[in-house]
There are 2 protein chains.
Amino acid sequence: MQPKRNTWQREAVRASLAQARGFVSAQQLHQALRDGGSTIGLATVYRTLASLVETDEADTLQSPEGESLYRSCATKGHHHHLICRGCGDTVELSANLVEEWSQRVGAEHGFTEIDHVVDLFGLCARCRAKGDGAAA
Amino acid sequence: MQPKRNTWQREAVRASLAQARGFVSAQQLHQALRDGGSTIGLATVYRTLASLVETDEADTLQSPEGESLYRSCATKGHHHHLICRGCGDTVELSANLVEEWSQRVGAEHGFTEIDHVVDLFGLCARCRAKGDGAAA
DNA sequence: TTTCTAAATGAGAACGAGTCTCACTCTAGC
DNA sequence: GCTAGAGTGAGACTCGTTCTCATTTAGAAA
């Protein structure tokens, strides 16, 4: 649920999320805030991120390791992501092709209320130049 | 790594996975085996599933909750899934359209070594008829 | 401005999926 | 049948996330 009060903690999470280049975990965000001198609690970071996701102010996806990652997205509404597995940099994608495909394929098999998870992972030009296959 | 010995535990996991309609979690599989009278350990179920995935005898994906789910897939090689969120029933999809799209979009943004996560979730005809939106 | 109340917070306990350890078991080669 | 060592099971452990509850505080009302 979205909160009824504005707190500096909520603003701090929003700001920290906004200045991150790509997707970050709740733990990373919490650590970054603590490193910046904040006394914010981990539970609050989780709660705030969940509420930002609920109000469409943030996007979330699962890392391949199963961790939840968050990002403050410029594009409102449904979209997908192309994420650099080197530096985490993220490109937002709209993909009508994929939307149509998923609806069509779903219908072909008698499925309704089709939802889909579509995310691309790759190596951005900068990381490739660095020969940086994995490190952040 | 694939094991060098055949054990009844490995066969039991393979069989139990094969008779599951759709994707199941390691925990579910372990419980099912225990319920069936097996004394198999949870660690063994995890180890066996990991090795089945490694030898392409099983597919794995993350549930929206972040749990790893497993399935014994008929289609070898790369493919995607259309999964009923009611009963878990699964349709295997090949999607050249999506493969091409992901490569193209990646290239357009200067990304290489593109990998992708593409899964569709919906409600199959049977579950819709039952008015069954969520339950298993 | 002060008061008041319940929303929001923080610390840490609890939870759950998954991994690791290690003594024991059992496969398979001899 | 004997044996080595691969495989197993119980449970401790890790780590991300959620819950609990006493405390703090935003913001409406006085």
Side-chain angles (χ1 to χ4, degrees), chain A residues 1-17 20 22-55 57-71 88 117 136, chain B residues 1-17 20 22-55 57-71 88 117 136:
Chain A
M1 105 310 317
Q2 52 187 303
K4 298 169 183 173
R5 291 180 184 176
N6 296 322
T7 62
W8 66 262
Q9 288 94 337
R10 184 175 174 83
E11 275 316 302
V13 169
R14 210 197 305 259
S16 186
L17 192 62
F23 280 86
V24 292
S25 68
Q27 308 269 353
Q28 285 176 315
L29 214 53
H30 179 238
Q31 195 53 57
L33 286 161
R34 284 303 185 105
D35 289 350
S38 172
T39 58
I40 195 169
L42 181 58
T44 301
V45 173
Y46 274 104
R47 275 187 292 243
T48 304
L49 286 172
S51 93
L52 289 177
V53 167
E54 211 169 321
T55 57
E57 290 182 77
D59 262 24
T60 181
L61 61 79
Q62 306 256 357
S63 78
E65 289 76 39
E67 207 175 355
S68 286
L69 304 179
Y70 300 86
R71 182 164 189 267
V117 175
Chain B
M1 108 305 320
Q2 52 186 304
K4 298 168 183 173
R5 293 182 181 175
N6 295 322
T7 62
W8 65 263
Q9 288 92 337
R10 185 174 173 82
E11 274 316 302
V13 169
R14 210 198 304 260
S16 187
L17 193 60
F23 279 87
V24 292
S25 69
Q27 307 272 352
Q28 285 175 316
L29 214 53
H30 178 239
Q31 196 52 57
L33 286 162
R34 284 303 185 104
D35 288 349
S38 174
T39 59
I40 195 168
L42 180 59
T44 300
V45 173
Y46 274 106
R47 274 188 293 243
T48 304
L49 286 171
S51 93
L52 289 176
V53 167
E54 212 169 320
T55 58
E57 292 181 78
D59 263 25
T60 182
L61 61 79
Q62 307 249 1
S63 79
E65 289 76 38
E67 206 176 356
S68 286
L69 304 180
Y70 299 87
R71 182 166 188 265
V117 175

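Values below: every heavy atom of this structure, side chains too, minus hydrogens, waters and symmetry copies. All chains are named by letter (A, B, ...) in the order of the sequence lines, taking the proteins before the strands, and each is independently numbered beginning at 1.
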Yes or no on side-chain contact (heavy atoms from CB on, under 4.5 Å) for B/Q27 and B/L42, after CA distance, side-chain angles and deciding distance? CA-CA 7 Å; B/Q27 307 272 352; B/L42 180 59; 4.0 Å; yes
Name the closest nucleotide to the [X] side chain, picking from [options].
| X | options | result |
| --- | --- | --- |
| A/A43 | D/dT17, C/dG18, C/dG12 | C/dG12 |
| B/E67 | D/dT17, D/dT8, C/dG18 | C/dG18 |
| B/Q9 | C/dG18, D/dG9, C/dA11 | D/dG9 |

For [N], take OP1 and OP2 only and decide whether either is under 4.0 Å from a side-chain N or O of [X].
| X | N | answer |
| --- | --- | --- |
| B/T44 | D/dG9 | yes |
| B/S68 | C/dG18 | yes |
| B/R10 | C/dC26 | no |
| A/T7 | C/dT9 | yes |

Output the rounded distance in Å from [atom1] ([X]) to [atom2] ([N]).
| X | N | atom1 | atom2 | answer |
| --- | --- | --- | --- | --- |
| A/Y46 | C/dA13 | OH | P | 17 Å |
| A/I40 | C/dG12 | CD1 | P | 16 Å |
| A/H30 | D/dT17 | NE2 | P | 13 Å |
| A/N6 | C/dT9 | CG | P | 10 Å |
| A/E11 | D/dA26 | CD | P | 13 Å |
| A/W8 | D/dT24 | CH2 | C1' | 12 Å |
| B/R14 | D/dG7 | CZ | P | 13 Å |
| A/L49 | C/dT9 | CG | P | 12 Å |

Sorted by chain and number, sequence neighbours left out, ring pair (Phe, Tyr, Trp, His ring centres under 6.0 Å) with A/Y70 holds for none
Base of D/dG5 paired with side chain of B/R5 (donor-acceptor, under 3.5 Å): yes
For the base of C/dG10, is there a side-chain donor-acceptor partner from A/R47 under 3.5 Å away? yes
Between [X] and [Y], is there a donor-acceptor pair closer than 3.5 Å when you use the side chain of the first and the backbone of the second?
| X | Y | value |
| --- | --- | --- |
| A/S51 | A/T48 | yes |
| B/T60 | B/L69 | yes |
| B/Q62 | A/P64 | yes |

For a quick check under 3.5 Å, do A/E57 and A/T55 share a side-chain donor-acceptor pair by atom type? yes
I want to check something: taking the side chain as every heavy atom from C-beta on, are A/H30 and A/I40 in contact at a cut-off of under 4.5 Å? yes
Would you call A/S38 and A/W8 a side-chain contact if the rule is heavy atoms closer than 4.5 Å? yes
Which residue, A/L42 or B/S25, contacts DNA chain C at a nucleotide closer to its 5' end, judged by nearest heavy atom? A/L42
The helix from C/dT1-D/dA30 to C/dC30-D/dG1: angle between its terminal axes, five pairs each, to 10°? 30°
